[in-house]
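By convention here, the first residue in the shown sequence is residue 1. Just so it is clear, the values below take in all heavy atoms, side chains as well, and ignore hydrogens, waters and symmetry mates.
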Amino acid sequence: MSDRPPRLVAAAAVVDSLTRPTVVLCARRSAPERLAGRWELPGGKVERDEAPEAALHRELAEELGVRVRLGAVIPAGDGGDWPILDGLTMRVWLAELTSGTPRPLQDHDRLSWTAPAQLPDLDWLEPDRPIVAALQSAIGARV
Ligand SMILES: Nc1nc2c([nH]c(=O)n2[C@H]2C[C@H](O)[C@@H](COP(=O)(O)OP(=O)(O)OP(=O)(O)O)O2)c(=O)[nH]1
């Protein structure tokens, strides 16, 4: 029995192709105000009694209007999930689109397909910086 709020965020690094990725879909937050203008990976909190993958599919449909196929998880340095804002942790999957064209339907005001070399130029939420670095390595290794 627990009333604890959800602690895990499920997010996607949506790439143009899981086998030959060249760009990543980045999203700029429009809400809440304290996070507005910062870039992130689309996703959201895993609800209680919800599988993390199911939460991610739900969030990507709500936020971007797309369906995806999930690839590998990008692990943190310790092999686990990434520490992010508000005491939360985040699990990040590579993903590719299976239907829909991404649009900023909810919580975002801009989307950008960005090449790995340009990823650090975006004004990321601070905890995402090491994730972006890991993403650059993961994508670089597949190019
Ligand atoms: N989606 C996402 N959230 C991130 C990233 N980096 C990071 O620190 N966060 C933080 C910001 C928020 O504190 C939290 C995600 O909350 P959210 O507002 O996207 O979750 P949600 O859609 O489920 O929203 P809600 O139910 O709380 O309204 O994780 C990231 O790259 N993507």
Side-chain angles (χ1 to χ4, degrees), residues 1-116 118-120 122-142:
M1 184 67 187
S2 160
D3 291 327
R4 282 179 298 119
R7 308 310 288 179
L8 183 67
V9 170
V14 179
V15 290
D16 49 344
S17 157
L18 282 172
T19 47
R20 284 191 74 81
T22 65
V23 284
V24 184
L25 186 63
C26 310
R28 192 173 71 176
R29 285 196 81 114
S30 55
E33 199 179 334
R34 71 188 170 103
L35 306 181
R38 310 294 291 274
W39 290 81
E40 69 168 16
L41 298 172
K45 296 187 188 99
V46 178
E47 302 289 342
R48 227 182 310 282
D49 302 327
E50 185 180 39
E53 291 90 341
L56 183 52
H57 287 295
R58 173 180 55 73
E59 292 282 350
L60 295 177
E62 289 172 5
E63 292 184 353
L64 306 176
V66 298
R67 297 173 64 87
V68 299
R69 174 181 303 117
L70 299 182
V73 169
I74 310 277
D78 64 0
D81 298 324
W82 299 90
I84 54 165
L85 294 175
D86 304 327
L88 300 165
T89 57
M90 188 162 78
R91 194 168 303 163
V92 180
W93 280 262
L94 289 167
E96 67 184 3
L97 295 173
T98 55
S99 71
T101 300
R103 285 167 295 147
L105 301 175
Q106 198 181 83
D107 292 341
H108 301 116
D109 62 3
R110 273 186 67 184
L111 301 177
S112 169
W113 287 103
T114 304
Q118 274 73 55
L119 286 174
L122 297 178
D123 186 16
W124 290 94
L125 290 175
E126 216 49 50
D128 284 31
R129 291 252 165 221
I131 305 174
V132 166
L135 199 50
Q136 282 183 296
S137 308
I139 293 178
R142 285 178 170 78

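Between L135 and L94, some side-chain heavy-atom pair lies under the 4.5 Å cut-off. Between M90 and P127 there is no side-chain heavy-atom pair separated by less than 4.5 Å. Here the side chains of P42 and L60 are in contact, with some heavy-atom distance below 4.5 Å. Looking at heavy atoms from C-beta onward, V46 lies in side-chain contact with P52 at the 4.5 angstrom threshold. Side-chain contact between V14 and W113 is present, with heavy atoms from C-beta onward closer than 4.5 Å. A 4.5 Å side-chain heavy-atom check between L35 and L85 finds at least one atom pair inside the cut-off. Contact of the E63 side chain with the P102 side chain is not registered, since no non-hydrogen atoms from C-beta on lie closer than 4.5 Å. Within the 4.5 Å cutoff, the side chain of L111 has no heavy atoms near those of the C26 side chain.
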Apply side-chain contact (heavy atoms from CB on, under 4.5 Å) to the pair V68 and H57, showing each step before the final yes or no.
CA-CA 7 Å; V68 299; H57 287 295; 3.8 Å; yes

Report the C-alpha distance between I84 and L125 in whole Å, list the side-chain angles of each, state the deciding distance to 0.1 Å, and finish with yes or no for side-chain contact (heavy atoms from CB on, under 4.5 Å).
CA-CA 9 Å; I84 54 165; L125 290 175; over 6 Å; no

L25 vs L97, side-chain contact (heavy atoms from CB on, under 4.5 Å): CA-CA, chis, key distance, verdict:
CA-CA 10 Å; L25 186 63; L97 295 173; 5.6 Å; no

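Across every non-hydrogen atom of L119 and Q136, the tightest pair is CD1-CG, 4.0 Å. Residues L18 and A95 approach most closely at CD2-N, 3.7 Å, considering heavy atoms. I74 approaches A138 most closely through the heavy-atom pair CD1-CB, 3.7 Å. Here the closest heavy-atom approach between residue D128 and residue L41 is recorded as OD2-N, 3.8 Å. Taking every heavy atom of both residues into account, P21 and V15 meet most closely at CB-CB, 3.8 Å. Heavy-atom minimum distance, R34 versus D86: NH2-OD2, 2.8 Å.
Contacts of E126 classified as side chain to side chain donor-acceptor pair (under 3.5 Å), with partners at least two apart in sequence or in another chain: R38.
No donor-acceptor pair closer than 3.5 Å links the side chain of T89 to the backbone N or O of P83. Under the 3.5 Å distance criterion, the side-chain polar atoms of D16 are matched with a main-chain donor or acceptor of T22.
Tested against W39, the residues R28, H108, R29 include a single side-chain contact (heavy atoms from CB on, under 4.5 Å) partner, R28.
By the neighbour-count criterion of 12 heavy atoms within 6.0 Å, atom CZ of R67 is sparsely surrounded, having that number or fewer from other residues, nucleotides or ligands.
Here the straight-line distance linking atom CD of E53 with atom CZ of R91 works out to 7.5 Å at 0.5 Å rounding. Note that CG of L122 and CZ of R110 are 8.5 Å apart. Values are rounded to the nearest 0.5 Å. The CZ atom of R58 sits 5.0 Å away from the CD atom of E47 when rounded to the nearest 0.5 Å.
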